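Have a look at the structure below before the remarks.
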Amino acid sequence: MGAKPMKVVTGVVGNDIHVVANRLIDLSLQARGYEVFNLGVNTHLAEFFDAAVETGAEVLMISSLNGEAEGWGREVKLLKAKYKGLDELIMMIGGNLVVGSGNTEDIIARYKKYGFDLVCHQTDLNTGLDLLEEFIQKRSAS
Amino acid sequence: MVIEAKGHCLIDVGSTYIKVSTANSIEQHFRDFNADILDDLLSKCGATVSQFEKHNVYICSSANGGLSTLIIGVSNTFSLKYATNIAFNSGINIIDTILYQNIDEYSLPSERIDVVIIVGGINSHSALFSDSLFNYLADLEYSNIVFAGSEQDAPLLKNHIDDLVVLPNIVDDRLHIVEQHLKDYLVNLYQQDIEGKEDIKNLYQITSNQIYSTPYIVNRALPFIGSKFAVANPFILLDIGGATTDIHYSKDLVEDNMVTENEYDRLVFKRLGVYRSRQSLILAAHANEFVYELLSYLKVTENIFNEHSDKATRILMQLAIFLVLYKISRYGESYVKLKLLAINSIVFTGGITKMLSSDEIEAITLFFYRKILNSDHRPVTILDTDYDIWTLGARGDDSCQ
Ligand code: B12
């Protein structure tokens, strides 16, 4: 108690206008005590990183619902490497991470290669947020 | 005995011309760069100006290319972009923007900066700046410096930077822009002591009203433009000057993350002008792959760049129109891209309206839309031949706010 809330930048990447999950994520994160910076739908990858710089956020939580993340994902590492001081940023992505269907394990492996710490393909939000908490606890313990 | 003239006397000190407008007349004179601005003004239009009492004289200036700023911010999407927008709309020209994390890689500008703006971080973030900022500033020549970033970092910056002005953050806790404080500060800058701008301060001898920068005056007139011209929204306004070219545009023409109450934003190309910046305009033209085609379309060769005739100036103005449209299109490198196919009117103000006819201007817009955008779209050209827009904006706070 009394500790500063952890900051999370969230939004929907690319030209994706599916807004319902984004609203839910905002509310659920707040309910769990995070300070949320919601960039909304239609957000460019660079805006996520820029928002992390301006806010000092510890977590980046990207949603993709229409399958576009497939394309953006490949650019994540390259772009993040241009930022100094984001090495500790926890990178998380969820939603529908491919166009059509695919093998979940393959998808997770691919996105981890793109540079994400936590990958939640078609995972229920609360399950995803539990995973985040576990991850944070493990990291602060190590 | 002085017979006081009715109404207001409006004066615009540009980089090339001085204009004086009263209810009965509008005069325009080339400036003498060896003379003090006030002496120059009085020797050319003293008879007119002396008929007015100080409180009826309104002055704006873009002399010496206007006021300049260098902006240091921590991200392109938020602090730097917001400060850029505020500076442009306040009538200030941006010499450079520096992304703070890479500050060591930037070279120092050769000219003295009128005001340095430092921004970055929301108020709950801290320790965004450190020695690399102070080291850079130590070598930079500037007249004023202002910080409008995270309030937690203000004490540290104040400790290290002499005469630092601290203003409320331009980025709020939801990452939205807060314009007012920085804008007020910048708009009022001509009242500060700015090295190299002393002769503007001399102008306070003939006016008791605040001196503003000319582009700020033009920008604030735009919501009222319909009272003078049949302008169809959305529109852009081009002011091609001697030193810089200004564009003011309806906000409907951009898509971005900045939510402000302004209906019109401004953008400047600082080394694009037909007198003082003639050489850099020619350089920019050489660098554009379509310019040779444009020259042959205008039935001239590049030898025109070596001529100093009215015709050469007219061609340069036509080139400037083309280059500006190109720069704000999706092919250009400006910090915003405008939806050019949505433009319904293009308004031209400044010296260009005395030099070019509507036909000469339309030849260029037609070439641009056909050649670059593959479109038959034709925005309507409107010429502000009598400087009505400036007059509208200059008439003081009461009529324009
Ligand atoms: C409503 C809807 C629309 C509406 C959106 C309205 C709006 N403004 O939000 C409209 C009609 C506009 C629309 C348009 C399109 N849609 Co649509 N849409 C849907 C639909 C039916 C429901 C989405 C929804 O709101 N669900 C409710 C929310 C709460 O659930 P959710 O989005 O799935 O999110 C949950 C989880 O994924 C998770 N989650 C989400 N993000 C994250 C992030 C993290 C970190 C974590 C842990 C969890 C998490 O949390 C949520 C709650 O558990 C889905 C199909 C479906 N039943 O899911 C298709 C769907 C998402 N749409 C789809 C498509 C293809 C489109 C279009 C391209 C269609 C087209 N051809 O024009 C366009 C795209 C427009 C664009 N530019 O983005 C596809 C995507 C397919 C894919 N990825 O392979 C889907 C899956 C339909 C399908 N089966 O084909 N769509």
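Reminder, nothing fancy here: chain letters follow the sequence lines and each chain counts from 1. Quick caveat: nothing in here was measured; it's all calculated off a predicted structure.
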Greater than 12 external heavy atoms within 6.0 Å of [X]'s [atom1]:
X: Lys113(A); atom1: NZ; answer: no
X: Arg139(A); atom1: CZ; answer: yes
X: Lys337(B); atom1: NZ; answer: yes

Heavy-atom pair with the smallest gap, counting every atom of Ala46(A) and Thr77(B) = O-OG1, 4.2 Å

Who passes salt bridge (charged side-chain N to carboxylate O under 4.0 Å, His left out) against Asp153(B), sequence neighbours left out?
-> none

Within residues 117-139 of chain B, the residues sitting under 4.5 Å from chain A by heavy atom, in sequence order, are Gly120(B), Gly121(B), Ile122(B), Ser124(B), His125(B), Leu128(B)

Check: Ser79(B) main-chain N/O paired with Glu54(A) side-chain donor or acceptor under 3.5 Å =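 At least one qualifying donor-acceptor pair exists.
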
Residue-level contacts of residues 29-44 of chain A with chain B, using a heavy-atom cutoff under 4.5 Å | Glu35(A), Phe37(A), Leu39(A)

Neighbourhood of chain B inside residues 80-111 of chain A, taking heavy atoms under 4.5 Å as contact | Lys82(A), Tyr83(A), Lys84(A)

Of Asn76(B), Leu80(B), Val74(B), the one forming a side-chain contact (heavy atoms from CB on, under 4.5 Å) with Asp50(A) is Asn76(B)

